[in-house]
**Student:** 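The structure under discussion is supplied below as structure tokens; questions concerning it will follow.
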Amino acid sequence: MSLLVGNGLTHWFGRELALEGVDLVIDTGEHMAVLGDNGAGKTTLLRILATVLRPTSGQLEIAGLNAFRERRRLRHHVGYVAHATGLYPALTAAENLEFFCDLQDVSRTRVEEALDAVGLTRVARRRAGELSRGMQQRLSIARAILHEPRLLILDEPDASLGDDAAELLTQVMKDKTVVLATHDHALANRLCPRTLVLRHGRSHGTATRLRVVR
Amino acid sequence: MSLLVGNGLTHWFGRELALEGVDLVIDTGEHMAVLGDNGAGKTTLLRILATVLRPTSGQLEIAGLNAFRERRRLRHHVGYVAHATGLYPALTAAENLEFFCDLQDVSRTRVEEALDAVGLTRVARRRAGELSRGMQQRLSIARAILHEPRLLILDEPDASLGDDAAELLTQVMKDKTVVLATHDHALANRLCPRTLVLRHGRSHGTATRLRVVR
Amino acid sequence: MNRYERWAAAAAALMLVAGAAIFLYAPTDYLQGPVQRIFYLHVSSAIAAYGCFAVVLVGGIIYLRTENVVADRFARAGALVGVVFTTVTLVMGMLWAKPIWGSFWTWDARLTSTLVLWIIYAGYLLVRRLSDPGRQAARLAAVVGIFGFIDVPVVHFSVTWWRTQHPGPIIVNDALPAQMLTTFFLTMACTLVLAAVMVWVRYRIETLTDERQHIAEAVPVVAAREPEPVP
Amino acid sequence: MNPFRVALAVARKDIRSEWRTREMVPALAQFIVLALLIGNFGFQIDARNAPAIAPGILWLALVFAGLVAFGRTFAAEREQASLEAMLMTPASPVAIFAGKAIAASLLLVICEAVLLPALTLFFGTPFTGDVVAAVLLATVGMAALGVMFAAIVARVRARELLLPLLTLPLWIPFIIAGGQAVQSAMGLPGNYQEAIGLLIDFDILFVVLTSLAARFVLEE
Amino acid sequence: MNPFRVALAVARKDIRSEWRTREMVPALAQFIVLALLIGNFGFQIDARNAPAIAPGILWLALVFAGLVAFGRTFAAEREQASLEAMLMTPASPVAIFAGKAIAASLLLVICEAVLLPALTLFFGTPFTGDVVAAVLLATVGMAALGVMFAAIVARVRARELLLPLLTLPLWIPFIIAGGQAVQSAMGLPGNYQEAIGLLIDFDILFVVLTSLAARFVLEE
Ligand code: HEM
Ligand SMILES: Nc1ncnc2c1ncn2[C@@H]1O[C@H](COP(=O)(O)OP(=O)(O)OP(=O)(O)O)[C@@H](O)[C@H]1O
Ligand SMILES: Nc1ncnc2c1ncn2[C@@H]1O[C@H](COP(=O)(O)OP(=O)(O)OP(=O)(O)O)[C@@H](O)[C@H]1O
Ligand SMILES: [Mg+2]
Ligand SMILES: [Mg+2]
């Protein structure tokens with residue numbers, strides 16, 4: 001069964017065409033990597049899939065819901081790791097997660113589990129603003145999985161992550177449907193059976209096969 | 001001849017010991033990679049070497065000058081790529097570089113060369129704020145090499161860079177003394193004959209050999 | 001008792017002596033009555049505050065030239081103690097103003113400039129609190145402290161430069177009876193000792209805080225020279 | 001999904017951040033004192049005209065302190081890109097909004113707790129329950145509006161500039177009605193009851209309107 | 001290393017950024033008009049007392065506009081982390097400083113170009129060369145101080161709040177002397193020459209002092 005169906009996703013930034021008619025279908029439990037050069041449109045696509053950005057045109061359905069009209073209902077099911085971490089620097093790592101537990105309406109016991117999953121248990125009581133770049137990235141991943149979303153959108157989650165990036169991500173992605181953008185081909189191959197290659201905003205590679213599948 | 005000699009570099013962030021007595025000697029023309037887990041102290045060390053941050057204690061000599069007292073004179077010789085790109089979003093890529101040409105007192109003809117070196121010629125007239133994360137990283141690298149510094153400090157320069165990261169960096173690092181922090185061991189091995197491993201702020205690996213050398 | 005506590009006790013005892021002189025020795029003013037006794041502490045603490053801010057100024061200049069943390073710690077201590085004494089002057093003045101002028105406050109040059117003085121150095125303390133401890137905080141604060149000192153002469157000369165409701169200089173004009181003058185100089189000496197002791201104790205506290213935060217005196221660029229606690 | 005829990009969590013987070021960094025409260029308090037000072041320089045005040053001028057200064061100080069406090073509340077979220085993260089959760093925008101408004105108005109109330117006694121001290125104007133009631137009533141509506149516009153301008157560049165521009169026109173009713181109420185509470189002629197009634201009406205109007213608008217402001 | 005070239009480059013960059021985004025100018029101008037409006041509401045103004053109150057409003061508006069304009073100038077650099085990049089170059093801090101001061105005071109001058117005619121329009125006060133000269137002279141010193149403290153608070157948390165706190169006390173001389181000059185230029189009794197002389201003295205004093213301090217403020 002397909003969890004996510006995107007259709008002709010196109011986005012213009014002013015006169016700049018960032019994404020041009022991308023179609024994609026992602027099945028439940030599938031892991032898909034998005035590859036492409038700098039400026040190919042990966043972030044733009046992922047922001048659309050995470051319902052943070054509305055495309056200029058195109059349709060998107062997630063879990064059978066219209067992703068633009070029923071955004072609020074979808075948000076229980078979507079986790080998103082963006083380029084910017086979006087943490088509160090004055091709060092400790094644990095307090096950051098506790099706050100998002102409240103907003104997500106999940107039990108605070110999830111905090112410890114999430115911290116453990118990303119290997120930050122040791123610095124749980126340190127302020128987020130004082131963590132190193134890689135630690136902040138981990139915390140941002142922890143926040144995205146707090147509510148155990150069915151769909152996980154990861155935009156370069158490996159950025160600044162240490163040697164254990166692959167194991168950490170494998171663990172995090174287990175049992176979830178994942179769209180992952182990265183520049184690390186080895187990592188993409190290891191984590192994702194399927195790959196979408198973007199070039200100048202158009203989909204290539206598996207994506208061409210996708211058109212037929214749809 | 002050694003270009004950079006650091007001695008007992010130690011930095012405390014409040015009560016957090018980020019760097020503890022790191023000694024290092026880097027010869028002219030040498031390329032050294034700094035590796036380590038998240039929070040190992042790589043960024044802290046590199047900021048000190050770039051004379052952006054003054055350590056709590058320790059000495060640092062670059063090109064025979066005291067790096068703390070004669071910072072201004074040194075800055076002709078040091079280029080630094082930080083975690084944050086520090087670009088002006090409202091200016092175009094070319095304008096950003098032109099501005100730094102003026103501050104560095106180098107000819108504006110360097111702009112085109114630098115843009116070309118990082119593969120941004122095509123987007124030279126686009127605003128920096130509208131570039132993708134990888135493009136901004138490239139622009140930040142271009143700025144660091146504008147004045148052809150003898151010493152180049154690169155903090156995860158490969159972050160978000162596309163497939164051509166290795167070639168690009170090889171090109172950029174040619175004929176320069178380089179300290180490069182990264183999480184990509186393969187890249188480090190390919191670019192740098194020597195490696196310094198940090199663990200909890202202390203140097204391991206080659207660094208231990210360094211103590212003897214000094 | 002360690003030596004800090006001994007000094008503090010001695011300073012407190014001196015203040016009691018001054019208090020005794022103020023209430024027992026000094027004559028009652030025949031126009032204003034007993035409320036005039038506020039005068040002694042009011043003026044002494046203003047002068048003590050000037051002294052503290054001079055420490056901030058000198059400490060700041062030395063710090064900018066040598067990066068010597070000792071100077072910076074004295075500056076910090078001076079700012080805090082100076083704000084305390086400025087507060088005393090303000091409060092005493094307001095308590096005095098109510099019966100004499102009929103209101104706690106008027107906006108004349110002396111009062112306003114004193115309030116501004118308080119604000120400037122409170123701002124100095126805020127800069128310290130709101131920046132990460134270390135060299136940068138010390139440098140920024142030193143600049144604030146140096147610029148802030150401009151207000152000290154303004155406060156002092158405000159009564160001669162502008163027409164104020166606040167009385168003008170009476171001590172230098174020899175307008176006081178001898179007993180009052182003696183009491184005043186005694187109070188001033190005791191207050192200055194108290195201020196010096198407070199700066200010194202505070203300096204110790206700042207040193208301990210710095211040690212906890214690993215702001216070492218390890219690498220002074222030039223050999224340390226300590227500023228006087230009170231010039 | 002309990003909106004009260006969300007609002008509380010948001011307010012608690014803001015207050016905790018403030019408590020940790022102690023950025024706003026001490027500075028805001030002193031900022032108020034400073035506003036008093038400039039007010040004084042601009043307009044020669046004496047015991048005679050104090051009740052006429054003091055309310056003006058009160059409102060000027062409150063308006064500028066409020067602009068800073070409300071501006072900061074969303075600007076901080078925006079700088080950290082945490083606004084996007086917060087909106088990615090299923091929490092209701094109205095609840096998020098209410099939480100931020102509660103935290104910001106708490107700050108403003110603290111300002112008032114400094115400002116009102118300071119006015120009494122410096123200008124000799126009375127400090128009565130009537131004055132306090134008028135100021136607090138005005139705070140409610142001003143907070144609702146201020147936080148809404150702060151949310152709008154946080155998405156825009158140059159928020160420091162746009163915020164006063166958008167907020168002040170809609171604060172004017174509160175400034176006028178509040179000013180009247182305070183003036184009459186301070187002994188000038190004027191109908192206190194009527195002004196307070198107006199304030200309450202405006203409060204209800206703008207709290208309802210901003211709650212309705214919250215959903216549209218805090219999206220995408 | 002030519003410091004003039006650096007100062008010019010910095011000023012040009014700031015002005016160009018402003019021109020591109022048009023963040024500050026229109027908003028600042030309208031902000032000024034709004035300040036006039038509030039001033040109007042706070043204090044019943046008529047033809048009789050206009051020359052006494054108009055200068056107060058002029059300075060209040062200028063002070064707040066200045067705080068915003070100067071605050072923004074380094075805050076933007078800080079947010080973008082470009083301050084660090086700029087300080088990594090061998091360019092002299094004094095030159096960087098001067099460049100930022102030039103760009104920021106240009107903004108303030110634009111404000112004044114709106115504010116002065118507006119005052120004439122609303123309050124009927126005269127709009128003469130004397131008034132303009134006084135205001136411009138005050139701008140110089142205020143810009144030097146404002147940019148210096150903006151650089152200081154950019155390194156500190158809660159900069160929006162600390163900036164007025166630090167800057168206003170040292171702006172007071174300009175407010176007083178400028179206020180006197182404007183009042184006497186508008187026909188109230190007062191010695192215009194003397195006030196202008198004071199302004200020039202203060203300008204020289206603070207421009208020299210801030211140039212000396214620039215090196216310490218823009219480091220690390
Ligand atoms: C809040 C109100 C007041 C403030 C802030 C204030 C401030 C000061 C300051 C700072 C000084 C020290 C000046 C110097 O030596 O440089 C001073 C001195 C003095 N004050 Fe006040 N004052 C206040 C109210 C009063 C009142 C109500 C009186 C009595 C009518 C008064 C009488 C004096 C006298 C006699 C001196 C000594 C003048 C001299 O000989 O130097 N003050 N005041
Ligand atoms: N401003 C700060 N305040 C307090 N602690 C800090 C600060 N910056 C860094 N640290 C701490 O210093 C240590 C070293 O951090 P640093 O950024 O140097 O690590 P890093 O090796 O660069 O890590 P990463 O690979 O994640 O970038 C970490 O424990 C971090 O939490
Ligand atoms: N806010 C914006 N305004 C204008 N153009 C934009 C904006 N954001 C992105 N773009 C443009 O859209 C294109 C796609 O950008 P996007 O960020 O999606 O690339 P990306 O594949 O994520 O690149 P990277 O690997 O560098 O992160 C780029 O050409 C970029 O310049
Ligand atoms: Mg991207
Ligand atoms: Mg790092």
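To find a chain, count down the sequence lines: A is the first, B the second, and so on, and within it residues start at 1.
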**Student:** Which residues in residues 132-144 of chain B have any heavy atom closer than 4.5 Å to a heavy atom of chain A?
**Tutor:** B/Ser132, B/Arg133, B/Gly134, B/Met135, B/Arg138
**Student:** What part of A/Glu16 gets closer than 4.5 Å to chain B, counting heavy atoms only: side chain, backbone, both or neither?
**Tutor:** side chain
**Student:** Can you name the residues of residues 78-100 of chain B that have some heavy atom under 4.5 Å away from a heavy atom in chain A?
**Tutor:** B/His83
**Student:** Is the count of non-hydrogen atoms from other residues, nucleotides or ligands lying under 6.0 Å from B/Glu112 atom CD greater than 12?
**Tutor:** no
**Student:** Applying a criterion of heavy atom separation less than 4.5 Å, what residues of residues 161-170 of chain B form contacts with chain A?
**Tutor:** B/Leu161, B/Gly162, B/Asp163
**Student:** Looking only at heavy atoms, which of residues 172-186 of chain B get nearer than 4.5 Å to chain A?
**Tutor:** B/His183, B/His185
**Student:** Below 4.5 Å from any heavy atom of chain A, which atoms of B/Thr43 appear? Answer side chain, backbone, both or neither.
**Tutor:** neither
